[in-house]
Trainee: 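I have a structure here, written as structure tokens, and I will follow up with some questions on it.
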Amino acid sequence: MAFAPVPDPGPFLEHVGPVVADGDVLGLRVEARHLNASGTAQGGLLATLVDFAMGRAIRASADEGRRAATVSLTTDFLGAANEGDFVEARTEVERLGGTLAFADCSLTVEGREIVRGRAVFAVLDREG
């Protein structure tokens, strides 16, 4: 895969990243600063990656000029990521309606699923 930095990820993702992309797949290398007291990737970091990946996929699927805002986010933590691990995010937009979108996301490390996320997003006009 040929991962490259995500253009304009926003200030928060610039702070926790760098987040990289290869087409629809996003990635993040776990660094020491991402670890919790147990020495594994902080759950909030992984939830952030899930949320960002799904919002990005919904925006890419929606009409131009629309944006996505998280309404509900569920994350199931199935495993851990360690320092040096490369976490990949794959998202599927299940349904994109006029005002709501539904998506699933899987985070994996070397093919092992560590997080499964599901979300509902509001699909809004850019000004709204």
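In this chain, numbering begins with 1 at the start of the sequence shown.
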Trainee: In Å, rounded to the nearest 0.5 Å, how long is the span from OG1 of Thr108 to CD of Glu88?
Mentor: 5.0 Å
Trainee: Tell me, which pairs form a side-chain hydrogen bond (donor to acceptor under 3.5 Å, both in side chains) where one or both residues lie in residues 71-85, sequence neighbours left out?
Mentor: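 Sorted pair list: Asp76-Arg118.
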Trainee: Measure the spacing between OG1 of Thr99 and CG of Leu124 and express it to the nearest 0.5 Å.
Mentor: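 Spacing of OG1 (Thr99) from CG (Leu124) equals 9.0 Å.
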Trainee: Do side-chain atoms of Asp63 reach the backbone of Arg66 as a donor and acceptor pair under 3.5 angstrom?
Mentor: no
Trainee: Could you state the interatomic distance from CZ (Arg56) to OG1 (Thr91), rounded to the nearest 0.5 Å?
Mentor: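 Answer for the CZ-OG1 pair, Arg56 versus Thr91, is 9.0 Å.
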Trainee: Restricting to pairs with a member in residues 11-34, which pass ring-ring contact (aromatic ring centres under 6.0 Å, His included), not counting sequence neighbours?
Mentor: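 The answer is none; no pair qualifies.
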Trainee: Measure the spacing between CG of Leu107 and CG of Leu78 and express it to the nearest 0.5 Å.
Mentor: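 Atom-to-atom, Leu107:CG and Leu78:CG are 9.5 Å apart.
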Trainee: List for me each residue that meets ring pair (Phe, Tyr, Trp, His ring centres under 6.0 Å) alongside Phe77, sequence neighbours excluded, and say none if there are none.
Mentor: none
Trainee: For Arg95 and Ala103, indicate whether the former's side chain and the latter's backbone hold a donor-acceptor pair under 3.5 Å.
Mentor: no
Trainee: Any ring-ring contact (aromatic ring centres under 6.0 Å, His included) involving residues 35-56? Give me the pairs, sequence neighbours left out, ordered by first then second residue.
Mentor: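 Those involving residues 35-56 do not exist here.
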Trainee: Are Phe121 and Phe102 close enough that their ring centres sit under 6.0 Å apart?
Mentor: no
Trainee: Go through the structure and list residues passing side chain to side chain donor-acceptor pair (under 3.5 Å) with Arg116, not counting sequence neighbours.
Mentor: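 Arg116 satisfies side chain to side chain donor-acceptor pair (under 3.5 Å) with Glu113 once adjacent residues are dropped.
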Trainee: How many angstroms lie between atom CG of Leu73 and atom SG of Cys105, to the nearest 0.5 angstrom?
Mentor: 9.5 Å
Trainee: Can you run down the salt bridge (charged side-chain N to carboxylate O under 4.0 Å, His left out) pairs that involve residues 24-51, sequence neighbours left out, and say none if there aren't any?
Mentor: Glu31-Arg33
